[in-house]
Amino acid sequence: MPELPEVEVTRRSFADAISGARILAVRLGAPLRWPLGVEAPALLGRQVLAVRRRGKYLLIDLSEGLLLVHLGMSGSLAFVAGSQSGLAAPGRHDHFDLVTSQGSLRLHDPRRFGAVVYAADQQQGMALKLLSGLGVEPLEDGFDALHFFQLLARRSAPIKQVLLAGDVVVGVGNIYASEALFLAGIRPTVAANRLSRVRVARLHAAIREVLARAVAQGGSTLRNFSNAHGESGHFQTQAMVYGRAGAACYQCGATVTTIRQGQRSTFYCPRCQKL
DNA sequence: CTATGGACCTGAATGC
DNA sequence: TGCATTCAGGTCCATA
């Protein structure tokens with residue numbers, strides 16, 4: 001479900017409320033993508049220091065160790081403030097609860113592609129493996145147009161698929177890849193290494209713009225996205241091509257096309273987006 | 001190293 | 001109405 005903007009919006013919606021809290025209980029439901037990596041009781045009594053984000057992972061820093069939380073395709077977090085057990089009985093798809101002195105964080109994830117993984121420290125096994133291959137953060141200063149061009153120059157796969165792979169730049173998922181390529185005027189099928197410096201610079205700017213705008217507007221609401229307070233975002237009203245197959249391009253009136261790339265749907269305007 | 005297809009899992013929408 | 005098929009915001013892994 002969530003791409004970078006949705007994860008970031010989720011993070012902001014509970015980070016302050018949970019910071020400083022003590023872990024009182026941990027409940028695990030059906031198995032998620034990977035095992036927690038530690039016995040849940042070991043986490044009791046630890047303090048939540050902060051909540052950060054890396055790509056589409058949330059990093060919950062504890063007084064000792066950290067928890068990585070990924071929302072997969074269908075995950076969402078809900079935070080219910082208050083030290084009492086204001087938490088409703090877990091539903092069929094509620095697979096993780098972190099009960100703290102300041103409120104309870106609950107992961108709801110029907111498809112269970114999400115994950116909660118414990119790392120004893122920043123260097124530990126699975127956690128390191130999950131994070132180490134990630135590309136640059138698109139909204140930070142380290143995302144540089146020239147460096148982006150140099151990395152793309154080594155890739156012959158279609159640009160859309162290189163964006164989705166997340167090893168060059170993180171956070172661009174299926175919706176925002178189509179949207180950013182539309183903004184940049186680039187056909188999703190173009191081999192990454194055949195894009196000129198100028199076009200890569202345009203794509204660089206488009207990615208930042210699309211993601212920043214989506215964060216500012218509270219994330220996308222295609223399907224059921226909501227932040228940890230249950231508030232939905234407004235990005236769906238902004239999609240230029242995603243989900244618009246057969247409809248007229250807002251920019252030129254041509255018919256928006258959909259194709260399959262690597263088992264994912266891609267949307268583009270055949271007139272606005274050049275090879 | 002890169003590129004590609006399958007795998008994981010459930011639910012909603014679509015087709016016959 | 002029922003049943004089968006397709007699709008959904010991710011990403012790891014095996015294979016070529």
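Keep in mind the model is a prediction, meaning the values are calculated, not measured. Quick note on labels: first sequence line is chain A, next is B, and so on, each numbered from 1.
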Below 3.5 Å between N/O atoms, which protein atoms pair up with nucleotides 3-5 of chain B? Just atom names and distances, please.
from, atom 1, to, atom 2, distance (Å)
B:dA3, OP1, A:Ser156, N, 2.4
B:dA3, OP1, A:Ser156, OG, 3.0
B:dA3, OP1, A:Ala157, N, 2.8
B:dA3, OP2, A:Arg155, NE, 2.7

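Between the A:Arg187 side chain and the A:Pro270 main chain, a donor and an acceptor come within less than 3.5 Å of each other.
Among the nucleotides C:dG10, B:dT10, C:dC12, the one closest to any side-chain atom of A:Arg264 is C:dG10. When distances run from any side-chain atom of A:Ser265 to the nucleotides C:dC7, B:dG11, C:dC12, the shortest one goes to C:dC7.
You'll find the ring centres of A:Tyr268 and A:Phe182 outside the 6.0 Å limit.
Protein atom CZ of A:Arg54 is 15 Å distant from nucleotide atom C1' of C:dT11, rounded to whole Å. Across the protein-nucleic acid pair, A:Asn174 atom CG and C:dT11 atom P stand 11 Å apart, rounded to whole Å. Straight-line distance from the CD1 atom of A:Ile175 to the C1' atom of C:dC7: 14 Å, rounded to whole Å. For A:Leu4 and C:dT11, the CG to P distance is 10 Å, given to the nearest whole Å. If you measure from atom CZ of A:Arg260 to atom C1' of C:dC7, you get 7 Å, rounded to the nearest angstrom. For the pair A:Arg194 CZ and B:dT2 P, the computed distance is 20 Å after rounding to whole Å. Atom CG of A:Leu32 and atom P of B:dT10 are 12 Å apart (whole Å). Summarising the geometry, the separation between CG on A:Leu130 and C1' on C:dT11 is reported as 10 Å, rounded to the nearest angstrom.
Under the 4.5 Å side-chain contact rule for hydrophobic residues, A:Val215 and A:Val169 share a cluster.
Taking a cutoff of 4.0 Å between a charged side-chain nitrogen and a carboxylate oxygen, A:Arg155 and A:Asp167 qualify as a salt bridge. Electrostatic pairing of A:Arg53 and A:Glu137 counts as a salt bridge here, judged by a charged N lying under 4.0 Å from a carboxylate O.
Remark: A:His70 is in phosphate contact with C:dT11, judged by side-chain N or O atoms under 4.0 Å from OP1 or OP2. Contact annotation: A:Lys129 side-chain N/O to C:dC13 OP1/OP2 distance is under 4.0 Å.
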Taking Watson-Crick and G-U wobble pairs with both distances under 3.5 Å, convert DNA chain C into its dot-bracket string, 5' to 3', dots for unpaired and | for cross-strand pairs. .|||||||.|||||||
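The stretch residues 109-118 of chain A touches DNA chain B through A:Pro110, A:Arg111, A:Arg112, A:Phe113, each having a heavy atom within less than 4.0 Å of the strand.
Rounded to a whole angstrom, the distance from the P atom of C:dT6 to that of B:dG6 is 13 Å.
Taking the six-membered ring where the residue is Trp, A:His204 and A:Phe148 present tilted rings, their angle falling between 30° and 60°.
Applying the side-chain contact (heavy atoms from CB on, under 4.5 Å) test to A:Ala191 and every residue at least two apart in sequence or in another chain returns A:Asn193, A:Arg194. The side-chain contact (heavy atoms from CB on, under 4.5 Å) search around A:Ala245 returns A:Thr258, A:Phe267, not counting sequence neighbours. Taking the side-chain hydrogen bond (donor to acceptor under 3.5 Å, both in side chains) definition, one finds that A:Arg46 meets it with A:Tyr118, sequence neighbours left out.
Both cation-pi conditions hold for A:Arg244 and A:Tyr250: the charged atom is under 6.0 angstrom from the six-membered ring centre and inside a 45 degree cone around its axis.
Side-chain contact annotation: A:His95 with A:Asp109, donor-acceptor N/O pair under 3.5 Å absent.
Put simply, the side chain of A:Ile18 reaches to within 4.5 Å of the side chain of A:Thr100, judged on heavy atoms.
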